[in-house]
Amino acid sequence: MKLYGQGRAAIADDAATAQRLGWGARRRSRPHPDLILAPREGDPRREPWIAPPWYRPGLGLDLLRRRPASRPHWTYLAEAPGVVRGLGDLAKPVETRSWSVGLAGLGRVGGVAATILAAAPSRLSGIRELLIHDVDAANQQRWLLELGSIARWRGRGELPLVRVARPGEMFTRCDAFLFAATDGVPPLGTRGEVRLVQLAPNRTILSGFLAEARRAAFAGLFLIVSDPVEWLAQSVFFDSNSDRQGRFVGDGMAPERIAGLGLGVMWARSLAAARRQGWSDAVARAGAAYGPHSAEVVAFDDVASPDRKRSERLSRAARECNFKVRDLGHLPYVGPGVSSVGLMLPPLLAGREVLASVFVDGIYFGAPARLTWGLHPTARRMGGEVWTALGGLHARLQTQARALGLLWP
Ligand SMILES: NC(=O)c1ccc[n+]([C@@H]2O[C@H](COP(=O)([O-])OP(=O)(O)OC[C@H]3O[C@@H](n4cnc5c(N)ncnc54)[C@H](O)[C@@H]3O)[C@@H](O)[C@H]2O)c1
């Protein structure tokens with residue numbers, strides 16, 4: 001096996017990619033690399049570009065229930081030009097895990113999320129600095145002052161440093177970027193769909209951030225909080241990797257470095273319903289939510305052996321709670337800011353299992369997932385009815401993605 005690259009990652013038997021990276025043959029004096037990556041065959045429009053050794057190509061949605069494989073090496077798809085940024089990132093030395101997090105959009109949801117992140121000691125959250133940005137200068141200054149006013153009386157453990165940053169600077173500094181901006185949330189009294197209607201305006205806002213990310217050759221995590229969560233995550237992948245004619249080029253963001261954060265609050269709403277029934281301990285242990293941050297989300301009391309009635313009740317709670325808050329005359333944002341982002345991001349960054357919408361067979365799909373450089377779903381034993389429901393849901397979402405023009409032909 002011929003290795004290339006002097007960093008903590010080396011690639012095996014691929015002189016062409018090594019040349020694109022500017023990596024020479026690995027010197028004998030170098031220590032053995034932490035990671036060896038080998039090229040693999042695959043479709044960069046449907047599969048992660050860089051995958052850990054346990055990843056089994058071609059499994060599609062089965063990734064949600066099949067146990068990981070044990071292969072000797074990491075793998076990558078050499079034909080996506082953007083993969084070189086990821087390989088370069090993997091080869092960098094790993095500092096003691098300490099993250100710089102960027103957050104764009106300091107509205108109701110972004111503000112609550114920022115508050116939780118700014119109040120968690122860095123040694124617990126893994127976040128050393130929080131870079132904030134809002135297009136409204138007064139609002140941005142207000143949040144700088146508010147977040148700067150968070151401190152603990154002689155508390156142990158430093159809180160993250162909060163600074164303002166323009167998008168360009170954000171992408172050169174941060175390791176993970178959160179997008180929580182919106183052109184506008186449909187007002188109270190709106191009947192029906194309140195998320196999908198935000199796609200076109202929020203995709204336009206996102207395009208400015210994607211241009212900055214490209215300029216900075218950003219290889220960090222790109223996390224979507226704004227609605228519609230999964231379609232905006234899909235837009236990041238689609239728009240950053242298409243040419244002007246909408247053809248796949250593959251020089252943008254790697255799909256496994258993009259994710260949506262919206263399933264956390266759905267699950268929290270299901271758990272609240274379970275608590276009211278007195279089942280929450282069992283549900284918290286064996287249940288889970290899947291699918292999008294929308295009225296199509298599904299929740300199960302026990303993924304391996306679900307009870308139909310209980311699961312329906314949990315799904316209904318996840319789907320309807322936002323309308324209940326709206327009917328009381330308020331927009332829901334505390335549960336979302338805390339459960340989808342504030343309490344989800346630190347374990348996500350630490351590589352623990354979280355709920356997130358991650359790339360599964362070409363689209364972003366909410367599921368228990370884990371960060372191993374990229375974000376991948378974690379498999380668990382599944383009852384037949386769960387598997388049937390998820391298969392149908394994933395297929396419907398794929399059709400919808402095509403209808404929205406978010407899949408390449
Ligand atoms: N993921 C979840 O769990 C979840 C839950 C509820 C709502 N949401 C969604 O989160 C998004 C934010 O909701 P909100 O209630 O905080 O909205 P909001 O209107 O209160 O705040 C939006 C913020 O974005 C800022 N903004 C607009 N354009 C910008 C730009 N170009 N650059 C930087 N900032 C910009 C605005 O100035 C404003 O401060 C919405 O799409 C909402 O539907 C997500």
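Counting starts at 1 for both ligands and their atoms, in listed order. Starting from 1, each residue takes its place in the sequence as its number.
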Original post:
Is there a side-chain contact between E230 and L397, using heavy atoms and a 4.5 Å cut-off?
Top reply: no
Checking side-chain polar atoms at under 3.5 Å, does [X] have a donor or acceptor matched by the opposite partner on [Y]?
X: S122; Y: E158; answer: no
X: S311; Y: D301; answer: yes
X: Y4; Y: D13; answer: no

Purely on distance, is any nitrogen or oxygen of [X] under 3.5 Å from one on ligand 1?
X: D183; answer: no
X: D134; answer: yes
X: V225; answer: yes
X: L261; answer: yes
X: R108; answer: yes
X: A180; answer: no

Original post:
Within less than 4.0 angstrom of ligand 1, does R195 place any heavy atom?
Top reply: no
**OP:** Run the numbers for me: atoms of ligand 1, each under 4.0 Å from some heavy atom of N202, listed by number.
**Re:**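 Going through ligand 1 atom by atom, the ones under 4.0 Å from N202 are 41 (O).
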Original post:
Yes or no on salt bridge (charged side-chain N to carboxylate O under 4.0 Å, His left out) for E169 and R163, after CA distance, side-chain angles and deciding distance?
Top reply: CA-CA 11 Å; E169 186 197 353; R163 286 206 303 113; 3.2 Å; yes
Original post:
Does the ring center of F238 lie less than 6.0 Å from the ring center of W408?
Top reply: yes
[atom]: the protein heavy-atom neighbour that sits closest, reported with distance to 0.1 Å:
atom: atom 21 (O) of ligand 1; value: G107 CA, 3.1 Å
atom: atom 43 (O) of ligand 1; value: D227 OD2, 2.5 Å
atom: atom 30 (C) of ligand 1; value: V135 CB, 3.6 Å
atom: atom 27 (C) of ligand 1; value: T182 O, 3.2 Å
atom: atom 31 (N) of ligand 1; value: I205 CG2, 3.3 Å
atom: atom 16 (O) of ligand 1; value: V109 N, 2.7 Å

Subject >> Side-chain donor/acceptor of W49 to backbone N/O of P44, under 3.5 Å >> reply: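 The answer is yes, because a donor-acceptor pair under 3.5 Å joins these two groups.
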Subject >> Part of S226 within contact of ligand 1 (heavy atoms, under 4.0 Å) >> reply: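 Contact part for S226 vs ligand 1: both backbone and side chain.
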